[in-house]
> 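Structure provided below as structure tokens; questions to follow.
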Amino acid sequence: MPAYLDNNATTRPDPAVVDAVLEALRDQWHNPSSVHRPGQAARHRVELARESVARLLGADPAELVFTSGATESIDLAIRGVLAAAPATRRTIITTPIEHEAVRDLAASLAAEGVTVRALPLLEGGVVDADALDALLDPSVALVSVQWANNETGAIQPVERLARTCRERGVCFHTDATQWVGKMPTDVRAAGVDLLSFSAHKLHGPKGAGALYIRRGVRLRPSLRGTQERERRGGTENVPGIIGMGVASELAMAWLARSDERDRLALLRDRLEHAVLEAVPNARINGPRGANTRLWNTTNIAFPTLEAEALLLLLSERGVCASAGAACSSGSLDPSPVLLAMGVPPALAHGSVRFSLSRHTTEDEIDEAARQVAACVRRLAASGV
């Protein structure tokens, strides 16, 4: 049977989301900025979706900006805060283990004269929260730290980092793409100023995302226009936004059942135990303590193997996984995230990420474990 374990790359849209998107394409195709009744009907559906997404985050609907996805939301948050900040604030602080949407943006900003500082890491790829205060000074405009890592599932101390930033008068942004929909989220309790995520990571459609902007945060838009309260120009993606609203409602209903997260965490552990038993020299990349990783993610290093060869063989046998961020899966270079964590290059080359969804079954996990063991044996025998 097939086993789809690449849910950090994208999730299967829920059937209810597909139905909502198809209905919107057929019936709510009008421009939501138009004053006629069909246009205002489309506007009403957009605003209902905004309320649903806001409830998922614990935010006010007016604090949400719809975008094309997390990458755009990240760019709007970081560039927008820098553009609105005084000329004396030209420094950002981030980490070397961010998704490339942040890493590449930081590199681009550095080439433009922005100072980029990196938070140091502790064992397992968790940031050293104690080090943040010493890095903050009057030149810092923003700190951006991913809530949960897309390659290892490592959970960062976002609440503590946000509190430190708030005390020092610095904006705090988090890329919560892998967090929202998998874990309960309350932006007010967390104390974050800006939060980015995508619908397609929580069984919603691609091409829809959002940026939470806490009321009072100054931000200059990069896309000019009257839409989204003049914070993001361009006609809204009505079907995608409606689908995102439905996905948010479904995620809230699922999150209300905490036993489901426990059940799926056990399935993730079951996969790890089975693979480590079958491949004794394999190892887990990432933190191993309780509540330090998302319930759905494991990153396993297979010494002496190339991840690409293992992934191709697994794919032939119906098991879908990845070697890291899907955006860079065409690269033969080892993961920059794993290297920044101190994983030796040889191990990083042989590391594979398996990521579950709330729909993953025991049969998929058992089949994946069997196929991983068989594929590793085959590759070892062939010397690949």
Side-chain angles (χ1 to χ4, degrees), residues 57 59 63 65 70-122 125-150 152 154-180 185-197 210-220 222 336-337 340-341:
L57 301 180
E63 296 174 306
V65 174
T71 297
E72 184 191 343
S73 296
I74 289 165
D75 190 274
L76 175 57
I78 296 177
R79 285 192 180 275
V81 167
L82 277 169
T88 54
R89 288 183 177 263
R90 295 291 290 169
T91 298
I92 65 171
I93 298 173
T94 185
T95 82
I97 56 171
E98 300 296 304
H99 186 276
E100 65 182 57
V102 173
R103 293 200 318 269
D104 289 354
L105 175 57
S108 177
L109 290 171
E112 297 169 18
V114 174
T115 299
V116 179
R117 297 174 184 162
L119 267 172
L121 304 177
L122 301 173
V126 177
V127 301
D128 184 356
D130 291 335
L132 177 59
D133 192 66
L135 292 175
L136 293 172
D137 61 36
S139 75
V140 178
L142 176 134
V143 174
S144 181
V145 177
Q146 194 176 40
W147 204 327
N149 188 264
N150 52 298
T152 67
I155 296 172
Q156 304 298 347
V158 161
E159 294 90 343
R160 183 176 174 189
L161 296 168
R163 184 169 60 251
T164 300
C165 288
R166 183 70 58 87
E167 291 169 352
R168 299 290 297 273
V170 174
C171 275
F172 181 82
H173 166 259
T174 184
D175 168 13
T177 306
Q178 298 298 342
W179 178 271
V180 173
T185 306
D186 185 336
V187 290
R188 300 195 192 288
V192 302
D193 297 302
L194 304 117
L195 178 148
S196 306
F197 73 108
L211 174 65
Y212 160 77
I213 308 172
R214 182 179 60 79
R215 195 182 304 275
V217 171
R218 297 182 66 239
L219 181 145
R220 186 177 299 170
S222 52
V337 169
M341 290 167 49

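Remember, it's a predicted structure, so these values are computed and weren't measured experimentally.
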> Check whether any side-chain heavy atom of Phe172 sits under 4.5 Å from a side-chain heavy atom of Val158, and report yes or no.
yes
> Say you draw a straight line from CG of Asp128 to CG of Leu135; how long is it, rounded to the nearest 0.5 Å?
9.5 Å
> Which distance, rounded to the nearest 0.5 Å, do you find between the OG of Ser196 and the OH of Tyr212?
12.5 Å
> The criterion is salt bridge (charged side-chain N to carboxylate O under 4.0 Å, His left out); which residues satisfy it with Arg166, sequence neighbours excluded?
Asp193
> Listed by chain and number, what are the side-chain hydrogen bond (donor to acceptor under 3.5 Å, both in side chains) partners of Glu167, not counting sequence neighbours?
none
> Tell me if the CZ atom of Arg188 is crowded by more than 12 foreign heavy atoms within 6.0 Å.
yes
> Looking at Asn149 and Ile97, would you say the former's side chain and the latter's main chain have a donor-acceptor pair under 3.5 Å?
yes
> Looking at CZ of Arg89 and CG of Asp137, how far apart are the two atoms once the value is rounded to the nearest 0.5 Å?
8.5 Å
> Nearest 0.5 angstrom please: Leu194 CG to Thr174 OG1, how far?
10.0 Å
> side-chain hydrogen bond (donor to acceptor under 3.5 Å, both in side chains) between Thr91 and Ser139: does it pass, once the steps are laid out?
CA-CA 6 Å; Thr91 298; Ser139 75; 3.0 Å; yes
> How far does SG of Cys165 sit from CD1 of Ile93, to the nearest 0.5 angstrom?
7.0 Å
> Side chains of residues 76-88: which donor-acceptor pairs under 3.5 Å do they make with residues two or more places apart or in other chains?
{"residue": "Arg79", "atom": "NE", "partner": "Asp75", "partner atom": "OD2", "Å": "3.4"}
{"residue": "Arg79", "atom": "NH1", "partner": "Glu112", "partner atom": "OE1", "Å": "3.3"}
{"residue": "Arg79", "atom": "NH2", "partner": "Ser108", "partner atom": "OG", "Å": "3.4"}
{"residue": "Arg79", "atom": "NH2", "partner": "Glu112", "partner atom": "OE2", "Å": "3.2"}

> Could you check Trp147 against Val180 for side chain to side chain contact (heavy atoms under 4.5 Å, CB included), going step by step and ending with a plain yes or no?
CA-CA 9 Å; Trp147 204 327; Val180 173; over 6 Å; no
> Is the backbone N or O of Val145 less than 3.5 Å from a side-chain atom of Thr95, with the two atoms forming a donor-acceptor pair by type?
no
> Dump the intermediate steps for side chain to side chain contact (heavy atoms under 4.5 Å, CB included) on Arg168 and Leu132, then the final yes or no.
CA-CA 11 Å; Arg168 299 290 297 273; Leu132 177 59; over 6 Å; no
> Quick check against the 3.5 Å criterion: does Arg214 have a side-chain atom that pairs as donor or acceptor with the backbone of Val192?
no
> Kindly say whether Gln146 contributes a backbone atom to a donor-acceptor pair with the side chain of Glu98 at under 3.5 angstrom?
yes
> What residues, two or more places apart in sequence or in another chain, satisfy side-chain hydrogen bond (donor to acceptor under 3.5 Å, both in side chains) together with Trp179?
Thr185
> From Ile74 CD1 over to His99 NE2, what is the distance, rounded to the nearest 0.5 angstrom?
7.0 Å
> Checking Pro96 now: which residues fulfil side-chain contact (heavy atoms from CB on, under 4.5 Å) with it, not counting sequence neighbours?
Ala118, Leu121, Ala340
> Excluding sequence neighbours, so at least two apart, what forms salt bridge (charged side-chain N to carboxylate O under 4.0 Å, His left out) with Arg90?
none
